[in-house]
Number of protein chains: 2
Amino acid sequence: MAKKISMAVIRRLPRYYRYLSDLLRVDIKRISSKELSQRMGITASQIRQDLNCFGGFGQQGYGYNVESLYKEIGKILGVDRRFTTIIIGAGNMGNALANYENFKKRGFDLIGIFDINPNRVGQYINGIEIMHMDRLEEFMKNNVVDIAILTVPSHSTAEVAEKVADLGVKGIWNFSPQDLKLSHNVVIENVHLSDGLAVLGYRIKEQEQG
Amino acid sequence: MAKKISMAVIRRLPRYYRYLSDLLRVDIKRISSKELSQRMGITASQIRQDLNCFGGFGQQGYGYNVESLYKEIGKILGVDRRFTTIIIGAGNMGNALANYENFKKRGFDLIGIFDINPNRVGQYINGIEIMHMDRLEEFMKNNVVDIAILTVPSHSTAEVAEKVADLGVKGIWNFSPQDLKLSHNVVIENVHLSDGLAVLGYRIKEQEQG
DNA sequence: ATAATGATTTGAATTAATTAACAGGAGGAG
DNA sequence: CTCCTCCTGTTAATTAATTCAAATCATTAT
């Protein structure tokens, strides 16, 4: 096996996963690519092609077994494995993310929150105490931290990223508008909320005109 | 003109826009595709190809004029035009978005916040009063609302979306994990934060293994 | 049992996106 | 003024992604 799965497919997997989860909830046991395509608004062809990348879980004349497909995609995405995360920056966005229940369900355990603001330090978010950044190094030596979620102001993002990378983090989820690039082999996902908004604006303009 | 610009290109524009903005800030007047490619981590070819979609702003032997390119991309994205927005759902995420200064800079004016929780109604976020959902209809009849930002629980997303669509919104920025589909010709951008996190998890696993 | 149906698999064909190559204009040095 | 270098616009080549279509297997009905 081990034929390489393209990133385009990978980025669609969470979406499949979500839809399958919904199907499970309403107790639908099996589904054909055709019906799934109608629900998701993509072609049946693509679904079959995508799902085939990691071995045929479908059965001709039957469709896909929702549960096993769900599990399989989960396995590929790494839901069978748990990741520990910390949030750095307990501002509005950090706070929102810390309260986001979905992450835990998906295998991401928040084990620490850090901030530099003395007024925030000592407060609790979702049962987790906000620690001062001074304690970050100590904390990361005593705990395995897989992912650092950065919700700090742009100007300090690079510095903080360097630090957590040095301390052995495996991935960084960066919410600062500044793109992050590191020499370490740390996996980085930059989130740019306002980019999405800008695209929305473009599409609205487009629709108004054409 | 009017050769169609692909969505792949459009989705890259905000990124160009950001980098150009950074260049302006440090007073760099001109830039070549080559240098920009190094900064952004994409090929120079692609940059030239992209920028060419909307007419040659570059000059041979010189490069691109940062300021005029910045303005031009802004124009395409619709930064010259302002959009009014409302946030529905004043929970953690709604609160975070309401406090996000960047949106205003990019042409998006928040003019209303709505929630159903009586404890939240009447409070202010970033100078804007939280109104009860009961007042939404009235509000939208007295104000032009271009975009509704939905940060409500999944189970009520569809209903709220229908409502704002009926009331004449042009675009919806949906933060609920549930994908949104409407019959109206309202432009929808679904944001799925946890999808990004899932991909991060996948990439970490991938790197660990090989 | 057997035929008909429905839905996957597989691989080819098409379409889209990205990268590479190149011809030629603009700027700068001498 | 002339040459040389730089860097774009553009076309061509490559690679990736998506769709189509034939072959085939499970299920269901007769």
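Throughout, a chain's letter reflects where its sequence line sits, starting with A, and its residues are numbered from 1. Note that this is a predicted model, so its numbers are computed, not measured. Note: hydrogens, waters and symmetry copies are ignored here, and every other heavy atom, side chains too, is used.
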Of the listed C:dT19, C:dT8, C:dA12, the closest approach to the B:Gln46 side chain comes from C:dT19
Considering just the side-chain nitrogens and oxygens of B:Gln60, establish if one lies under 4.0 Å of OP1 or OP2 belonging to D:dC6. no
Rounded to whole Å, the CZ-C1' distance (A:Arg11 to D:dA17) equals 15 Å
Test of understanding: with side-chain hydrogen bond (donor to acceptor under 3.5 Å, both in side chains), list the residues that count as partners of B:Gln178, not counting sequence neighbours. A:Asp22
Taking the ring centre of each residue, are B:Phe83 and B:Phe108 less than 6.0 Å apart? yes
OP1, OP2 of D:dT18 versus side-chain N and O of A:Arg12: anything below 4.0 Å? yes
Which whole-number value in Å describes the distance from A:Gln49 CD to C:dT14 C1'? 13 Å
Among residues two or more places apart or on two chains, list those pairs meeting ring-ring contact (aromatic ring centres under 6.0 Å, His included) that have a residue in residues 138-175 of chain A. A:Phe103-A:Trp173, A:Phe114-A:Phe139, A:Trp173-A:Phe175
Between A:Thr43 and D:dT19, does any side-chain N or O lie under 4.0 Å from OP1 or OP2? yes
Distance, rounded to the nearest Å, where A:Leu69 contributes CG and C:dT8 contributes C1': 13 Å
Short side-chain N/O contact to D:dG9 OP1/OP2 from B:Arg48, under 4.0 Å: no
Of the listed nucleotides D:dT27, D:dT19, D:dA17, the one nearest the side chain of A:Ser45: D:dT19
Using only heavy-atom distances, decide whether a donor-acceptor pair under 3.5 angstrom links the side-chain of A:Gln59 to the base of D:dT27. no
Side-chain H-bond candidate by donor/acceptor type, A:Asp179 with B:Tyr19, under 3.5 Å: yes
Could one point to a donor on the side chain of B:Ser6 or the base of C:dA17 with an acceptor on the other under 3.5 Å away? no
To the nearest angstrom, the CE-P distance between B:Met40 and C:dT18 comes to 13 Å
Rounded to whole angstroms, how far apart are CG on A:Asp50 and P on C:dT9? 12 Å
Nearest whole Å is fine: how far is D:dC20 P from A:Ile42 CD1? 14 Å
Taking OP1 and OP2 of C:dT9, is either one under 4.0 Å from a side-chain nitrogen or oxygen of A:Tyr64? yes
Output yes when at least one side-chain N/O atom of A:Asn52 is less than 4.0 Å from OP1 or OP2 of C:dT10, else no. yes
